[in-house]
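Written below as structure tokens is the structure these notes are about.
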There are 2 protein chains.
Amino acid sequence: MPEERADPRQVRSREAMVTAATALLTEGGLEAVTHQAVAARAGVGRATVYRHWADLLGLRLAALEAGMPPLSPAPEDVRAASGAEPRAELVHYLRQLCERLDDAQAGAVLAAVLGGAQYDDGMQRLRLTVLTQIVDSLRPAVTAAVARGRLRADVTAETFAMTTVGPLVYQRFLAGARLGRDMVDAVVDAALRAWAP
Amino acid sequence: MPEERADPRQVRSREAMVTAATALLTEGGLEAVTHQAVAARAGVGRATVYRHWADLLGLRLAALEAGMPPLSPAPEDVRAASGAEPRAELVHYLRQLCERLDDAQAGAVLAAVLGGAQYDDGMQRLRLTVLTQIVDSLRPAVTAAVARGRLRADVTAETFAMTTVGPLVYQRFLAGARLGRDMVDAVVDAALRAWAP
DNA sequence: CCACTATGAGACAGGTTGACTCACAATGCC
DNA sequence: GGCATTGTGAGTCAACCTGTCTCATAGTGG
């Protein structure tokens, strides 16, 4: 990344603005993120917000991106044991995803992505980023599970993500439920049964 | 329904406005639905739109409700055969749901519900309506499948909806895929395997 | 110490929002 | 058919929001 020598004033106000933007997103959804609201919330001049993001979409995307940091990888021991018992690693990532979904901030990002992806190009890209992030984090464990004979040979990370993440998203955004640990366990086990060889 | 004696002028303009509102929703998402836009599209005075829906939320909810008519029941023969073979009825409803998801109009409604339900009370109610509609349409077939020994005794319509509708929603709104008939078949079969006794 | 540059404040035109009025024409009733 | 009722379209208006610009100020790097 071209981390150009940045003026501390720039990074300071940028940080304040991004923080304000994600807070607004969390509290009121995408529509609540406007130049004016961000300026007020960040204690920054309105012109400054326009200087950093000339258009509304860019501003909103910045809020969304900041609100969805990458999932952290499974701890070393879980990953090491994955060859023998892939379930633990799968559960690890999906639990993390669930905490994200239950968390207001990342939940707001996901909701915005689900709800707005089709009307906008930048949102499309963001949707793809989120999707790739989720699928790729599951991929090693899925591959291991296939190798270990726990899943059919033709099951891909994409398929597995569909049968696990799908139900979780459904529960959270359509059924309006909170996602406990047992929910993750149930979903993973159901998926393992569904795609057992 | 209290179908009060309505002035034909009222119903005429109301109809035009609702049609315009759903069209706008379909094309540009919830944000595109405003009093002004609806008035222009419906060929109606701006004041008229305000007269019918004093606040923006009400207007948008009207657009959403009109864009999501109830699922039609399975044909007689499929329902009759459901005791013996429940799979066909399940597939029937989920196929219909898929067509809806692929359809721009109902897809827009679902997307709006997924994306905006948490920030608003009226949207919460709409989410519940949509959810209930889906789950209830599956319920008879799920009950039949349980009775027939195709599903575990403890599988409810809610659970089954989660494991089928979830993946479909995932494919459509997160993976950005179109939903073919084979996708429905695969999802239903996976769910039947996952919850087989 | 000085040139540079990001910032905050404010001015400004253009558009949108809601609330209001008023003439008009479609409607329902007699 | 005539008439009171009522929904409507057009228009006005103040308040607000948006996007752009200017300018004095102060933090920054050399």
Side-chain angles (χ1 to χ4, degrees), chain A residues 1-21 23-25 27-64 66 112 116 119-123, chain B residues 1-21 23-25 27-64 66 112 116 119-123:
Chain A
M1 32 214 87
E3 193 49 63
E4 302 290 335
R5 44 183 62 268
D7 191 318
R9 289 171 294 179
Q10 244 189 50
V11 300
R12 213 181 311 137
S13 44
R14 188 175 203 92
E15 202 168 316
M17 288 186 286
V18 170
T19 304
L24 287 165
L25 169 69
E27 290 163 20
L30 253 201
E31 285 191 71
V33 181
T34 65
H35 287 90
Q36 171 158 280
V38 169
R41 178 79 164 235
V44 142
R46 205 161 56 89
T48 303
V49 187
Y50 279 104
R51 254 176 234 122
H52 283 250
W53 297 278
D55 55 277
L56 187 56
L57 177 63
L59 176 62
R60 290 181 170 172
L61 282 177
L64 288 166
Y119 304 112
D120 190 279
D121 220 50
M123 291 290 281
Chain B
M1 33 215 86
E3 194 48 66
E4 302 291 336
R5 43 183 61 270
D7 192 316
R9 288 172 294 177
Q10 244 189 51
V11 301
R12 212 183 310 135
S13 43
R14 186 173 205 94
E15 201 168 317
M17 288 186 283
V18 169
T19 305
L24 287 165
L25 170 69
E27 290 163 21
L30 254 201
E31 286 191 70
V33 182
T34 64
H35 286 90
Q36 173 157 280
V38 169
R41 178 78 163 237
V44 143
R46 205 161 56 87
T48 303
V49 188
Y50 279 105
R51 253 176 234 123
H52 283 250
W53 297 276
D55 55 278
L56 186 56
L57 178 62
L59 176 62
R60 289 182 173 172
L61 282 176
L64 287 166
Y119 303 112
D120 191 277
D121 220 51
M123 291 291 279

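Chain A is the first sequence line, chain B the second, and so forth, proteins listed ahead of strands; every chain is numbered from 1.
Taking 4.5 Å as the limit, some side-chain heavy atom of A:M123 sits within range of a side-chain heavy atom of A:L61. Looking at heavy atoms from C-beta onward, A:D121 lies out of side-chain contact with A:L57 at the 4.5 angstrom threshold. For the pair B:V33 and B:L64, the minimum side-chain heavy-atom distance is 4.5 Å or more.
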Heavy-atom protein contacts under 4.0 Å, nucleotides 9-17 of chain D, coded B base, S sugar-phosphate only, - none: BB-B----S
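With sequence neighbours excluded, the residues forming a side chain to side chain contact (heavy atoms under 4.5 Å, CB included) with B:A66 are B:V18, B:T22, listed by chain and number. Listed by chain and residue number, B:S13, B:M17, B:A42, B:T48, B:V49 satisfy the side chain to side chain contact (heavy atoms under 4.5 Å, CB included) test with B:V44 (two or more places apart in sequence, or in another chain). The ring-ring contact (aromatic ring centres under 6.0 Å, His included) test applied to B:H35 returns B:Y50, not counting sequence neighbours.
Atom C1' of nucleotide C:dG8 and atom NE2 of A:H52 are separated by 12 Å, given to the nearest angstrom. Atoms CG (B:L57) and P (C:dT17) sit 15 Å apart, rounded to a whole Å. Between A:Y50 atom OH and C:dC12 atom C1' there is a gap of 14 Å when expressed in whole angstrom units. Distance CG (B:D55) to P (C:dA19): 9 Å, rounded to an integer number of Å. Protein atom CG of B:L59 is 13 Å distant from nucleotide atom C1' of C:dT17, rounded to whole Å. In this entry the distance linking NE2 of A:H35 with P of C:dG8 reads 14 Å, nearest Å.
Residue pairs meeting the salt bridge (Lys or Arg N to Asp or Glu O under 4.0 Å) criterion with at least one partner in residues 27-40 of chain A, sequence neighbours excluded, are A:E27-A:R41, A:E31-B:R60.
Comparing D:dA26, D:dG7, C:dG18 by their closest approach to the side chain of B:Q10 singles out D:dG7. When the nucleotides C:dA25, D:dG19, C:dA6 are ranked by their closest atom to the side chain of B:R9, C:dA25 comes out on top. In this structure, the nucleotide among D:dT20, D:dG7, D:dG27 sitting nearest to the side chain of A:R12 is D:dG27.
Among all heavy-atom pairs drawn from A:A37 and A:A32, the shortest one is CB-O, 3.7 Å.
From one end of the helix from C:dC1-D:dG30 to C:dC30-D:dG1 to the other, with five pairs defining each end axis, the axis direction shifts by 40° (rounded to 10°).
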